[in-house]
Amino acid sequence: QVQLVESGGGLVQAGDSLRLSCAASGRTFGPYVMGWFRQAPGKEREFVAVISWIGRRTDYADSVKGRFTISRDNAKNTGYLQMNSLKPEDTAVYYCAARDGSTWSTGVSEYEYWGQGTQVTVSS
């Protein structure tokens, strides 16, 4: 079992930056793929970014490419999502998720472990 706790959300203005953190505990020895997802009111949860166990491979949703950066520090059992040039449409609850093994996935249903989410609100 892996427990995940997100932090770093908040209320910001359009164009601002935020860095989300995801602290993992429990069975933190790898490998496991880490992803970030988000869910806006009335919408389905959607993929944002994913990073491999060692961190050499990353992928992003088209809507955040060039603005968001995913990273991880396995020595600290922590993942990060740096969000720059935020837009009002980025407003959502952001979730950190982990998937056992090294198999790549951007699908919500493919992840076994989820955090409780952190709210990001971007005002115009």
- Where do Arg19 and Met83 land on the side-chain contact (heavy atoms from CB on, under 4.5 Å) test, with the steps shown first? CA-CA 6 Å; Arg19 189 175 82 155; Met83 306 185 295; over 6 Å; no
Considering all heavy atoms of both residues, which atom of [X] and which atom of [Y] are nearest to each other, and what is their separation?
{"X": "Ser17", "Y": "Asn84", "answer": "OG-OD1, 2.9 Å"}
{"X": "Asn74", "Y": "Trp53", "answer": "ND2-O, 2.8 Å"}
{"X": "Ala24", "Y": "Val2", "answer": "CB-CG1, 4.2 Å"}
{"X": "Thr78", "Y": "Ser21", "answer": "CG2-CB, 4.4 Å"}
{"X": "Ala14", "Y": "Pro88", "answer": "CB-CD, 4.1 Å"}

Which residues share a side-chain contact (heavy atoms from CB on, under 4.5 Å) with Asp90, sequence neighbours left out
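Testing Asp90 for side-chain contact (heavy atoms from CB on, under 4.5 Å), a comparison that skips the adjacent residues, returns Arg38, Arg67, Phe68, Leu86, Lys87, Tyr94, Val122.
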Under the side-chain contact (heavy atoms from CB on, under 4.5 Å) rule, collect the residues that match up with Glu44, sequence neighbours excluded.
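For Glu44 there are no side-chain contact (heavy atoms from CB on, under 4.5 Å) partners, ignoring immediate neighbours.
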[atom1] of [X] to [atom2] of [Y]: how many Å apart, nearest 0.5 Å?
{"X": "Gln82", "Y": "Ile70", "atom1": "CD", "atom2": "CD1", "value": "12.5 Å"}
{"X": "Met34", "Y": "Leu81", "atom1": "CE", "atom2": "CG", "value": "11.0 Å"}
{"X": "Asp59", "Y": "Ile51", "atom1": "CG", "atom2": "CD1", "value": "11.5 Å"}
{"X": "Arg72", "Y": "Tyr32", "atom1": "CZ", "atom2": "OH", "value": "5.0 Å"}

Hey, quick one: are [X] and [Y] part of the same hydrophobic cluster, counting side-chain heavy atoms closer than 4.5 Å, chains of contacts allowed?
{"X": "Tyr80", "Y": "Val50", "answer": "no"}
{"X": "Tyr60", "Y": "Ile54", "answer": "yes"}
{"X": "Val93", "Y": "Val12", "answer": "no"}
{"X": "Val48", "Y": "Val108", "answer": "no"}

Check: Arg57 main-chain N/O paired with Ser52 side-chain donor or acceptor under 3.5 Å =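 A pair under 3.5 Å: yes.
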Hey, is the main chain of Arg99 close enough, under 3.5 Å, to the side chain of Glu110 for a donor-acceptor pair?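 The answer is no, because no donor-acceptor pair under 3.5 Å joins these two groups.
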- Task: Would you sort out whether Trp36 and Glu6 count as a side-chain contact (heavy atoms from CB on, under 4.5 Å), showing the intermediate values?
- Result: CA-CA 10 Å; Trp36 286 93; Glu6 303 95 335; 3.9 Å; yes
**Message:** Are Glu46 and Gln39 packed together at the side-chain level, in the sense that at least one heavy-atom pair is separated by less than 4.5 angstrom?
**Reply:**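 Glu46 vs Gln39: side chains apart.
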Walk me through it: do Tyr95 and Leu4 pass the test side-chain contact (heavy atoms from CB on, under 4.5 Å)?
CA-CA 9 Å; Tyr95 297 90; Leu4 303 171; over 6 Å; no
Phe37 ring center near Tyr111 ring center (under 6.0 Å):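 Between Phe37 and Tyr111, the centre distance is under 6.0 Å.
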